[in-house]
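To keep things clear, I will list the structure first and then write my remarks on it.
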Amino acid sequence: MVGQSRKWMILVATTWIQAFTGTNFDFSSYSSDLKSVLGISQVQLNYLSVASDMGKAFGWCSGVSLLYFPLWVVMFMAAFMGLFGYGLQWLVIQKLISLPYVLVFPLCLLAGCSICWFNTVCYVLCIRNFPTNRALALSLTISFNGVSAALYTLIANAINPNDDNLYLFLNALVPLFTSAVALVPVLRQPPPHSLSLPTDAVRRDSLIFLLLNLLAVGTGLYLLLLNSASSHASTARILLGGAILLLVLPLSMPGIVYARDWARRTIHSSFRLQGSTFNLVDVDDLELHKELIGSHEATSANNGILSGGIIPYCVSSGEKVGCCENVWEKDRLMVLGEEHPARMLVRRWDFWLYYVAYFCGGTIGLVYSNNLGQISQSLGYSSQTNAMVTLYSSCSFFGRLLSAAPDFLRDKVYFARTGWLAVALVPTPIAFFLLAASGTEAVLRAGTGLIGLSSGFVFSAAVSVTSELFGPNSAGVNHNILITNIPIGSLLYGLLAALVYDANAGSSNQEAFMGEASVCMGRNCYFQTFVWWGCISLLGLLASTLLFLRTRLAYDHFERNRNRTQSS
């Protein structure tokens with residue numbers, strides 16, 4: 001019982017870490033001021049956002065560090081990286097110190113590394129403490145990373161609504177404070193043997209996850225709908241208190257469920273209704289579920305399903321097929337869960353379709369969020385920048401929560417997770433073409449919400465997709481290979497936007513000045529960028545559709561095995 005209660009403490013602590021360490025989402029809130037203080041162009045500002053995203057390219061360092069240091073040490077290493085990286089930027093933007101551009105760049109890189117290291121700590125905590133329901137634990141905790149901008153907006157408005165420079169100061173200190181609060185649960189992790197779940201505990205955990213997801217939806221709606229009312233410090237403080245209460249409230253959920261079970265056993269046992277308990281993970285399906293989440297023995301058994309232990313990636317029907325069909329069937333994934341070392345991974349067509357889908361889908365949404373400050377400013381809505389950042393962050397949060405839909409609905413509506421990924425990318429091109437067609441505030445809000453929803457789903461679902469397609473034991477390395485597209489996309493897409501922006505800033509009647517930096521005003525500043533981004537996101541949608549068509553047989557094969565296990 002002690003081990004079971006401690007793991008829920010760890011889950012709540014992990015949501016706190018995620019909620020307060022998504023500091024890359026508020027870049028747009030202070031980017032214009034940073035550009036003005038440094039006196040740099042839009043292209044140079046883009047390089048700073050790229051530096052922050054480049055932290056993901058060094059994600060493997062956090063994994064290596066966990067081999068030599070305790071988890072809590074790595075967590076505080078991440079906190080001090082952020083303290084140093086963001087803290088010095090705050091001193092620069094306050095003009096308390098003066099640093100050249102070439103030194104601000106590595107500070108942004110260091111700040112980006114801190115975010116990636118925090119994410120690694122959270123992933124490891126979920127994997128260690130929820131071996132059966134890790135997909136649900138990961139989806140729930142990762143989703144809270146999307147509310148960071150909304151929470152930071154509340155905190156900043158509660159202190160001084162007119163000071164955008166506060167974001168850098170908060171980015172430096174709040175993650176360190178959160179790490180200190182989460183330290184006790186992290187140090188008191190339950191031993192692995194206490195995490196094994198009997199039948200009734202599996203059902204109880206499923207109910208707790210359902211309640212926690214419902215509470216998370218309520219938290220997201222609270223931050224999205226009431227954040228616009230936080231422009232006054234007094235109101236912001238009240239709303240911030242409510243947000244903190246909502247973040248603390250999950251601590252009571254396991255206790256309520258445990259108390260309910262105790263009451264049913266001791267007081268109302270004679271009135272118990274058999275078979276009425278809600279269950280996300282069917283008890284008979286646990287062994288098959290373990291196959292997908294990292295059991296080496298189950299993976300070996302899976303590998304032996306076809307042709308004596310060798311998994312064919314193309315199944316011939318004996319009929320003659322054309323050249324195009326041969327190309328389509330080449331290296332086609334037929335079984336989920338096979339381990340792919342990096343050398344094998346990069347030779348798979350499925351991986352490169354997946355890479356392009358992420359590169360042209362989720363990553364382009366992240367670059368859009370990095371440019372939200374300049375987009376709002378160019379359209380004449382600079383006063384709405386923080387509201388737009390909060391909207392994107394909140395919709396990203398809901399997108400991440402929706403990534404758990406395949407796990408909640410798989411017994412009622414079966415659909416391959418790669419199919420869900422393709423559906424999630426549909427709103428992105430629609431949003432960009434809407435933004436290109438109109439520059440009104442309503443369209444800006446609608447486009448921002450759609451892009452946040454789509455990219456949030458991709459970011460959260462990608463961890464599970466990587467594990468399913470290319471093996472759970474290799475997911476740590478393979479996922480870091482996948483997200484190398486983020487700094488590349490940040491550089492290329494951001495550079496495209498910056499070149500268009502600076503070209504229009506130099507045109508007549510569209511240039512203003514803020515300090516030493518030129519500012520582009522008007523719809524033309526981003527019109528071509530939105531058109532290009534819309535076309536690129538269509539390419540991502542096409543790649544994700546092809547990935548679904550190539551992998552659905554593997555998902556069908558897995559689903560048939562699962563149904564066979566349940567019926568036996």
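Sequential numbering from 1 along the given sequence is applied to the chain's residues.
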Worksheet item: Nearest 0.5 Å, what's the CE-OG distance between Met75 and Ser179?
Response: 5.0 Å
Practice prompt. For the pair Cys395 and Leu391, evaluate side-chain contact (heavy atoms from CB on, under 4.5 Å) and give the outcome as yes or no after the intermediate values.
Written response: CA-CA 6 Å; Cys395 289; Leu391 177 63; 3.9 Å; yes
Item to complete: Show your reasoning for whether ring-ring contact (aromatic ring centres under 6.0 Å, His included) applies to Trp8 and Phe130.
Response: CA-CA 9 Å; Trp8 294 110; Phe130 293 90; 5.2 Å; yes
Worksheet item: Hey, are the side chains of Ser31 and Ser49 touching, using non-hydrogen atoms and a 4.5 Å cut-off?
Response: no
Practice prompt. Measure from the side-chain N and O atoms of Ser454 to the backbone N and O of Leu450, and report whether any donor-acceptor pair falls under 3.5 Å.
Written response: no
Discussion item. For a side-chain contact (heavy atoms from CB on, under 4.5 Å) check, start with the C-alpha distance between Asn129 and Thr14, then their side-chain angles and the critical distance, and finish with the verdict.
Written reply: CA-CA 11 Å; Asn129 293 280; Thr14 304; over 6 Å; no
Worksheet item: If you measure only the distance, is there a donor-acceptor pair under 3.5 Å linking the side chains of Ser403 and Ser460?
Response: yes
Discussion item. Checking Leu107 against Phe84 for the side-chain contact (heavy atoms from CB on, under 4.5 Å) test, could you report, in this order, the C-alpha distance in whole Å, the side-chain angles of both residues, the deciding distance, and whether it holds?
Written reply: CA-CA 8 Å; Leu107 292 179; Phe84 186 75; 4.0 Å; yes
Discussion item. Keeping Ser378 on the side-chain end and Ile375 on the backbone end, is there a donor-acceptor pair under 3.5 Å?
Written reply: yes
Discussion item. If you compare all heavy atoms of Tyr222 against all heavy atoms of Ala243, which two are closest, and at what distance to 0.1 Å?
Written reply: CE2-N, 3.6 Å
Discussion item. Can you tell me how far apart CG (Leu214) and CZ (Phe209) are? Round to the nearest 0.5 Å.
Written reply: 13.5 Å
Discussion item. Could you measure the distance from the CZ atom of Arg445 to the OG1 atom of Thr440? Nearest 0.5 Å is fine.
Written reply: 11.0 Å
Worksheet entry | Atom of Val12, atom of Leu247 and distance for their closest heavy-atom approach | CG1-O, 4.1 Å
Item to complete: Look at the aromatic rings of Phe359 and Tyr493 and report parallel, tilted or perpendicular, splitting at 30° and 60°.
Response: tilted
Item to complete: Using atom types as modelled and distance alone, determine if a side-chain donor or acceptor of Asp33 lies under 3.5 Å from a backbone N or O of Tyr30.
Response: no
Return all side-chain donor-acceptor pairs below 3.5 angstrom for residues 180-187, not counting sequence neighbours, or 'none' if the list is empty.
none

Discussion item. Is any side-chain heavy atom of Leu453 closer than 4.5 Å to one of Leu402?
Written reply: yes
Worksheet item: Phe80 vs Phe76 aromatic rings, parallel, tilted or perpendicular, using cut-offs 30° and 60°?
Response: tilted
Item to complete: Drop me the distance from Ile430's CD1 to Ile451's CD1, to the nearest 0.5 angstrom.
Response: 11.0 Å
Worksheet item: Between Val124 and Arg128, is any pair of side-chain heavy atoms under 4.5 Å apart?
Response: yes
Worksheet item: Should the pair Tyr392 and Tyr368 be assigned to parallel (<30°), tilted (30 to 60°) or perpendicular (>60°) ring geometry?
Response: tilted
Fill in: Donor-acceptor contact present, side-chain Thr120 to main-chain Cys116, <3.5 Å
yes
Worksheet entry | Main-chain N/O of Leu366 paired to Ser369 side chain as donor or acceptor, under 3.5 Å | yes
Worksheet item: Where is the tightest heavy-atom contact between Gly494 and Val367, given as atom of each residue plus distance?
Response: N-CG1, 3.8 Å
Worksheet item: Taking C-beta and beyond as the side chain, do Ile115 and Thr21 meet within less than 4.5 Å on heavy atoms?
Response: no
Worksheet entry | Residue pair Tyr167 / Thr23, side-chain donor-acceptor N/O under 3.5 Å | no
Discussion item. Looking at Arg400 and Phe457, would you say the former's side chain and the latter's main chain have a donor-acceptor pair under 3.5 Å?
Written reply: no
Worksheet, complete the sentence: Of all heavy-atom pairs linking Gly85 and Leu110, the shortest is N-CD2, 4.1 Å
Response to the item:
To the nearest 0.5 Å, atom CD1 of Ile159 lies from atom CG of Leu166 at 5.5 Å
Response to the item:
In short, Pro429 meets Val426 closest at the heavy-atom pair CD-O, 3.2 Å
Worksheet item: Would you say the side chain of Leu223 lies within less than 4.5 Å of the side chain of Phe397, judging by non-hydrogen atoms?
Response: no
Discussion item. Is it the case that the side chains of Thr153 and Thr390 hold a donor-acceptor pair, with the cut-off being a distance below 3.5 Å and no angle test?
Written reply: yes
Discussion item. Minimum heavy-atom separation for Trp117 and Ala78, please, with both atom names.
Written reply: CB-CB, 3.6 Å
Worksheet entry | Donor-acceptor contact below 3.5 Å, side chain Arg237 vs main chain Ala158 | yes
Discussion item. Side chains of Thr466 and Tyr354, heavy atoms from C-beta outward: is any pair under 4.5 Å?
Written reply: yes
Discussion item. Closer than 3.5 angstrom, by distance alone: can the side chain of Ser376 be matched with the main-chain N or O of Gly373 as a donor-acceptor pair?
Written reply: no
Fill in: Glu441 side chain reached by Met388 side chain, heavy atoms, under 4.5 Å
yes
Practice prompt. Using the side-chain contact (heavy atoms from CB on, under 4.5 Å) rule, take Thr235 and Asn157 through it: C-alpha gap first, then chi angles, then the decisive distance, then the call.
Written response: CA-CA 9 Å; Thr235 306; Asn157 288 342; over 6 Å; no
Discussion item. Evaluate Phe169 against Tyr152 for ring-ring contact (aromatic ring centres under 6.0 Å, His included), listing each step before the verdict.
Written reply: CA-CA 11 Å; Phe169 180 76; Tyr152 276 87; over 10 Å; no
Discussion item. Once rounded to the nearest 0.5 Å, what's the spacing between atom CG of Leu173 and atom CZ of Phe20?
Written reply: 13.5 Å
Item to complete: Return yes if some donor-acceptor pair links the side-chain N/O of Ser544 with the main-chain N/O of Leu541 below 3.5 Å, else return no.
Response: yes
Discussion item. If you define the side chain from C-beta out and look only at heavy atoms, does anything of Phe432 sit under 4.5 Å from Thr428?
Written reply: yes
Discussion item. Tell me if a side-chain donor or acceptor on Ser455 pairs with a main-chain N or O of Gly365 at a distance below 3.5 Å.
Written reply: no
